[in-house]
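Have a look at the structure below before the remarks.
Along the sequence shown, the residues carry numbers beginning at 1.
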Amino acid sequence: MDEKQQKLDMRYLRMARIWAENSYCQRRQVGALVVKNKMIISDGYNGTPSGFENVCEDDNNVTKPYVLHAEANAITKLARSNNNSDGATIYITASPCIECAKLIIQAGIKRVVYGEQYRLTDGIDLLKRAGIEVIFMDINSTKEYE
């Protein structure tokens, strides 16, 4: 990957991290941006479905089962727009779970750039099996990409 693309990828990843700040979740805030032809065509962060209270965890600090992941929010938002994600890149602050990986594959997204490793790798493994380019860029790294 050339240096110019690497810098661009890190900028979008940092933007996804800022977008994650919109999440009301206490345990973990995750952001996602879908980019096509250098345009952000969708965004998402983890949270409850529209119309639900903005509380992601129960009294025991366990995430409620109906909380949507950032990737799912970004991809489903595309379904309500005039855009499509064929050939797009999704930037996610954390590696996708297997359920979100399935959505990414079905949405025609061709690149996934993520900034934090998760203990489970089944989502990443599935994306690679589907031939999707997967790139880890340590979002917490002190290395500057500017």
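Annotation: K64, atom NZ; neighbour count of heavy atoms from other residues, nucleotides and ligands within 6.0 Å is above 12. In the displayed structure, Q106 atom CD is contacted under 6.0 Å by at most 12 heavy atoms of other residues, nucleotides or ligands. Heavy-atom neighbours of N37 CG from other residues, nucleotides or ligands within 6.0 Å: at or below the threshold of 12.
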- Query: Under the side-chain contact (heavy atoms from CB on, under 4.5 Å) criterion, do N84 and L78 qualify, and how do the steps go?
  - Reply: CA-CA 6 Å; N84 74 68; L78 276 167; over 6 Å; no
- Message: Checking R129 against D125 for the side-chain contact (heavy atoms from CB on, under 4.5 Å) test, could you report, in this order, the C-alpha distance in whole Å, the side-chain angles of both residues, the deciding distance, and whether it holds?
- Response: CA-CA 6 Å; R129 183 175 167 197; D125 297 341; over 6 Å; no
- Task: Tell me, with the steps shown, if D138 and F136 meet side-chain contact (heavy atoms from CB on, under 4.5 Å).
- Result: CA-CA 6 Å; D138 188 352; F136 168 68; 3.9 Å; yes
- Give the C-alpha distance, both sets of side-chain angles, the deciding distance and a yes or no for side-chain contact (heavy atoms from CB on, under 4.5 Å) between I124 and Y118. CA-CA 10 Å; I124 295 297; Y118 186 62; over 6 Å; no
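Between the side chains of N73 and Y45, no donor-acceptor pair is found at a separation under 3.5 Å.
Atoms CZ and NE2, from R28 and H69 in turn, are 9.5 Å apart once rounded to the nearest 0.5 Å. The line from CD of E71 to CD1 of I92 is 4.0 Å long, rounded to the nearest 0.5 Å. Distance check: I139 CD1 to T93 OG1 gives 6.0 Å after rounding to the nearest 0.5 Å. Within the model, atoms CG of L127 and NZ of K110 stand 11.0 Å from one another, a figure rounded to the nearest 0.5 Å. The CG atom of L13 sits 11.0 Å away from atom OH of Y114, with the distance rounded to the nearest 0.5 Å. Remark: D43 CG to K77 NZ distance equals 3.5 Å, nearest 0.5 Å.
Side-chain atoms of E57 come within 3.5 Å of backbone atoms of R27 as a donor-acceptor pair (strictly under, hydrogens ignored). Distance alone, capped at 3.5 Å, is enough to place a donor-acceptor pair between the S23 side chain and the N46 backbone.
Using a 4.5 Å cut-off between side-chain heavy atoms of Ile, Leu, Val, Met, Phe, Trp and Tyr, with links allowed through other members, V35 and M15 fall into the same hydrophobic cluster. In the hydrophobic clustering of ILVMFWY residues, with side-chain heavy atoms under 4.5 Å counting as a link, I41 and W19 come out apart. No path of Ile, Leu, Val, Met, Phe, Trp and Tyr side chains, each step under 4.5 Å between heavy atoms, connects Y91 with I109, placing them in separate hydrophobic clusters.
When K36, E133, R111 are each tested for a side chain to side chain donor-acceptor pair (under 3.5 Å) with T89, only one passes: R111.
Within the 4.5 Å cutoff, the side chain of C97 has no heavy atoms near those of the L120 side chain. When side chains are defined from C-beta on, E116 does not count as touching V30, because their heavy atoms never get closer than 4.5 Å. Proximity of I75 to I104: side-chain heavy atoms (C-beta onward) are separated by under 4.5 Å at one or more points.
For the side-chain contact (heavy atoms from CB on, under 4.5 Å) test, no residue two or more places apart in sequence or in another chain qualifies with N82.
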